[in-house]
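Reckoned from all heavy atoms, side chains included, excluding hydrogens, waters and symmetry mates.
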Amino acid sequence: MTITISNLQPVIAIIAGVLILIAPRLLNYIVAAYLIGVGLIGLGLFRGLV
């Protein structure tokens with residue numbers, strides 16, 4: 001099984017949702033980390049790693 005970004009996004013979303021339910025104060029950090037990650041991937045900075 002090959003793991004790609006498209007496979008990881010739903011898993012990351014579920015984990016983030018559970019963390020937000022457990023500790024709502026984490027919402028700001030989870031959203032910020034997600035946006036930074038998506039931005040870096042969108043710019044192609046991780047293209048060499050995959």
Side-chain angles (χ1 to χ4, degrees):
M1 179 177 168
T2 304
I3 298 176
T4 62
I5 295 298
S6 62
N7 293 350
L8 286 179
Q9 283 182 335
V11 174
I12 292 171
I14 291 171
I15 292 170
V18 170
L19 287 174
I20 290 169
L21 286 174
I22 293 172
R25 288 183 169 197
L26 289 176
L27 178 62
N28 293 334
Y29 298 110
I30 291 171
V31 171
Y34 176 78
L35 292 173
I36 290 169
V38 168
L40 292 175
I41 291 169
L43 290 174
L45 296 178
F46 292 120
R47 201 170 285 158
L49 298 175
V50 179

Interatomic distance, CD1@I15 vs CD1@I30, rounded to 0.5 Å, equals 10.0 Å
Checking L27, L26, V31 against I20 for side chain to side chain contact (heavy atoms under 4.5 Å, CB included), the one that qualifies is L27
Rounded to the nearest 0.5 Å, the CD1 atom of I14 sits from the CG atom of L19 at a distance of 12.0 Å
**OP:** Report whether Y34 and L43 are members of the same hydrophobic cluster (ILVMFWY, side-chain heavy atoms less than 4.5 Å apart, transitive linking).
**Re:** no
